[in-house]
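Scroll down for the structure; my scribbles are underneath it.
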Amino acid sequence: MRKPHALWAVVPVVAFLSTPFLPFVNGPHLWFGIPSVLAWCLIWTAGTTASLALVEHLVHHTDEDEDEDDEAHTPYEEAAA
């Protein structure tokens, strides 16, 4: 089962896929002096990085809590044993 915080990675994907269907994005508008579709994609490119960093941060902290009780093993140590 997937962790609920992994859903943060879905937000930018939905934003990118909804681009042609959003009238405020897909039109003859300028945002920050560039076409709105380009600005939208640039914003969500940064949003993708932010959401993946958030997921990595949340996954990293929950894994640390679980590993405190067990001995630290890397996959290489388990394969060598």
Side-chain angles (χ1 to χ4, degrees):
M1 186 170 164
R2 295 201 168 132
K3 306 280 182 180
H5 52 262
L7 293 175
W8 284 106
V10 175
V11 174
V13 173
V14 171
F16 276 121
L17 292 176
S18 65
T19 300
F21 305 109
L22 299 173
F24 63 91
V25 174
N26 193 12
H29 314 294
L30 292 179
W31 293 357
F32 311 112
I34 57 176
S36 59
V37 174
L38 179 60
W40 180 260
C41 290
L42 290 173
I43 290 168
W44 281 108
T45 300
T48 301
T49 303
S51 68
L52 291 177
L54 177 66
V55 169
E56 177 65 24
H57 177 73
L58 293 174
V59 169
H60 184 66
H61 286 293
T62 57
D63 287 345
E64 276 184 5
D65 295 339
E66 293 172 1
D67 287 341
E68 287 178 359
D69 297 332
D70 300 332
E71 293 180 23
H73 292 291
T74 64
Y76 297 111
E77 291 174 354
E78 291 175 4

Q) Apart from Ile34 itself, what residues make up its hydrophobic cluster when side-chain heavy atoms of I, L, V, M, F, W and Y under 4.5 Å apart count as a link, directly or indirectly? A) Leu38, Leu42

Name the atoms and distances for all side-chain donor-acceptor pairs under 3.5 Å in residues 14-32, with sequence neighbours left out.
unit_1	atom_1	unit_2	atom_2	d
Ser18	OG	Val14	O	3.0
Ser18	OG	Ala15	O	3.1
Thr19	OG1	Ala15	O	3.1
Thr19	OG1	Phe16	O	3.0
Thr19	OG1	Trp40	NE1	3.0
Asn26	ND2	Pro20	O	3.1

Q) Mind checking whether Trp44 and Leu52 sit in one hydrophobic cluster, side chains of I, L, V, M, F, W, Y counted as touching below 4.5 Å? A) no

Q: Indicate the atoms forming the closest heavy-atom contact of Pro12 with Gly47, along with that distance.
A: CG-O, 4.0 Å

Q | Atom of Val55, atom of Ala9 and distance for their closest heavy-atom approach | A | CG2-N, 4.0 Å

Q: Could you tell me which residues satisfy side-chain contact (heavy atoms from CB on, under 4.5 Å) with Ala50, sequence neighbours excluded, listed by chain and number?
A: none

